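Protein chains get the first letters and strands the later ones, always in sequence-line order, with residue 1 at the start of each. Please read all numbers here as calculations on a predicted model, not as lab measurements.
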Amino acid sequence: MSDHSTPHAEDHHDDHGAGHGTMRDYVIGFLLSVILTAIPFWLVMTNAIADKATTAIVIMAFAIVQIVVHMIYFLHMNTKSNNGWTVMALIFTIIIVVIALSGSLWVMHHLNTNMMPMPHDMGQLP
Amino acid sequence: MTATTRDTMTNSTATAASPEARTAAFYELEPHHHPEGASTMLGFWIYLMSDCLIFAMLFAAYGVLGGNFAAGPGPKDLFELPLIAVNTAMLLFSSITYGFAMLVMEKGKVRATQGWLLVTAVFGASFLAIELYEFSHLIHEGAGPWRSGFLTAFFSLVGTHGLHVTFGLIWLFTLVVQLSKKGLTPANQRRLQCLSLFWHFLDVIWIGVFTFVYLMGML
């Protein structure tokens, strides 16, 4: 069996597993991460932007960019690893996470804002 | 499997029962050979994605319960951003030192790999120590997980992340011992790659934690 399976194993070997990083990848990723971490901390600690909603949106944008930087430079994500199944699993997970997070927050927010005001004196109810 | 055993197998199936042999033609009779560990990285990635869902649920719980202070202390009374900044730096340093461990691993240097792994462990342990100090400080102030819905969600989310780092450290020390016993075998290289994914993944989760819990809590 080994004689006919070896070429099959070898031509698949290159795209198996995660990609390998280089020193350059790690250094670029690290420097970008430091910058993308330092700016949000600085924004919040010094109250650089007066409007709180704007600050929240800005630091969330920085978080998303930093997650992408980590995915590319540290986790070596690319569309070719494992014949694209890695990316497929990631996209599926992102869809589920977005549905679960936005759904929970949306439903519970509406529940909080639209719920009938509770009587303070529960003891007087029949 | 040698050529002779394969011949005897095909002979036996051909002579045994011809209708069964025809049915079996729909299946792949020869066991499909995969090189050892070929699918490990994909399997581990799928585990990480399922772990990601656990954290998504904890983030959702924090998002829903994060405002329920029950007349207790809120984020502004409790969190110290300089401490969190130091903590974040520890995790970032541990990420790049693990990257260096992977680079020297590819060159086949066992001692250097162990060295960088231990440097990573030092940073990871400092992260855990700072987090435990923060937790004990909060509990000492009476702001334990029982105090309010906000604190329950906070301790569950950050505690689960800390637990992952703890298990990552145990795994890391196990691999350092494995490396000194067996060297950089293909199996050990695969394990190091899995831990690399795990470690960097925890850093990605921490980005979400410090942004949504600490920074947005202080706004």
A.B. asks: What part of B:Leu103 gets closer than 4.5 Å to chain A, counting heavy atoms only: side chain, backbone, both or neither?
C.D. replies: side chain
A.B. asks: Measuring heavy-atom distances to chain A, does B:Met49 have an atom under 4.5 Å in its side chain, in its backbone, in both, or in neither?
C.D. replies: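 Its backbone and side chain both get close to chain A.
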A.B. asks: Measuring heavy-atom distances to chain B, does A:Thr22 have an atom under 4.5 Å in its side chain, in its backbone, in both, or in neither?
C.D. replies: backbone
A.B. asks: State, to 0.1 Å, how close B:Leu92 and A:Ser33 come at their nearest heavy-atom pair, and which atoms those are.
C.D. replies: CD2-CB, 3.4 Å
A.B. asks: For B:Tyr214, is the OH atom crowded, meaning more than 12 foreign heavy atoms sit under 6.0 Å from it?
C.D. replies: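 Count over threshold, so yes.
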A.B. asks: Does any backbone or side-chain atom of A:Val69 lie under 4.5 Å from a heavy atom of chain B? Answer side chain, backbone, both or neither.
C.D. replies: neither
A.B. asks: Report the distance from atom CG of B:Leu48 to atom CG of A:Leu75, rounding to the nearest 0.5 Å.
C.D. replies: 8.0 Å
A.B. asks: Would you mind writing out the side-chain donor-acceptor pairs for residues 49-60 of chain A within the sub-3.5 Å range, not counting sequence neighbours?
C.D. replies:
{"from": "A:Asp51", "atom 1": "OD2", "to": "A:Thr54", "atom 2": "OG1", "distance (Å)": "2.5"}
{"from": "A:Thr55", "atom 1": "OG1", "to": "A:Ile49", "atom 2": "O", "distance (Å)": "3.4"}
{"from": "A:Thr55", "atom 1": "OG1", "to": "A:Asp51", "atom 2": "O", "distance (Å)": "2.8"}

A.B. asks: Parallel, tilted or perpendicular: which one describes the rings of B:Phe93 and A:Phe30, with boundaries at 30° and 60°?
C.D. replies: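 Because their plane-to-plane angle lies in the 30° to 60° range, the rings of B:Phe93 and A:Phe30 count as tilted.
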A.B. asks: For the CE atom of B:Met218 and the CZ atom of A:Phe41, what is their distance to the nearest 0.5 Å?
C.D. replies: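 Output value for this atom pair is 10.5 Å.
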A.B. asks: For each of B:His200, B:Met216, B:Met57, tally heavy-atom pairs with chain A at distances under 4.5 Å, and name the one with the top tally.
C.D. replies: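 Sorted descending by pairs with chain A, the first entry is B:His200.
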A.B. asks: Side chains of B:Phe55 and A:Val97, heavy atoms from C-beta outward: is any pair under 4.5 Å?
C.D. replies: no
A.B. asks: In Å and rounded to the nearest 0.5 Å, what is the OG1 to CD1 distance from A:Thr86 to B:Ile46?
C.D. replies: 8.0 Å
A.B. asks: Side chain, backbone, both or neither: which part of A:Leu90 has an atom under 4.5 Å from a heavy atom of chain B?
C.D. replies: both
A.B. asks: For residues 65-81 of chain B, give me every residue with a non-hydrogen atom less than 4.5 Å from any non-hydrogen atom of chain A.
C.D. replies: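 Heavy-atom contacts from residues 65-81 of chain B to chain A are B:Lys76, B:Leu81.
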A.B. asks: Could you tell me which non-hydrogen atom of A:Leu101 sits nearest to which non-hydrogen atom of B:Ala56, and how far apart they are?
C.D. replies: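 Smallest heavy-atom distance, with atoms named: CD2-O, 3.6 Å.
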A.B. asks: Do any of residues 202-213 of chain B have a heavy atom less than 4.5 Å from a heavy atom of chain A, and if so, which, in residue order?
C.D. replies: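 Under the 4.5 Å heavy-atom cut-off, B:Asp203, B:Val204, B:Ile207, B:Phe210, B:Thr211, B:Phe212 qualify.
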A.B. asks: Please enumerate all residues that pass ring pair (Phe, Tyr, Trp, His ring centres under 6.0 Å) together with B:Phe44, with sequence neighbours excluded.
C.D. replies: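 Partners of B:Phe44 under the ring pair (Phe, Tyr, Trp, His ring centres under 6.0 Å) test: B:Tyr47, B:Trp171.
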A.B. asks: Calculate, to the nearest 0.5 Å, the distance between atoms CD1 and SG belonging to A:Ile96 and B:Cys52 respectively.
C.D. replies: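 With rounding to 0.5 Å, CD1 (A:Ile96) is 11.0 Å from SG (B:Cys52).
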A.B. asks: Using side-chain heavy atoms (C-beta onward) and a distance below 4.5 Å, is B:Phe100 in contact with A:Met23?
C.D. replies: yes
A.B. asks: Working to the nearest 0.5 angstrom, can you tell me the gap between B:Leu42 CG and A:Met88 CE?
C.D. replies: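 Going from CG on B:Leu42 over to CE on A:Met88, the span is 11.5 Å.
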A.B. asks: Are side-chain heavy atoms of B:Leu197 and A:His76 found at a separation under 4.5 Å?
C.D. replies: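 Answer no - side chains too far apart.
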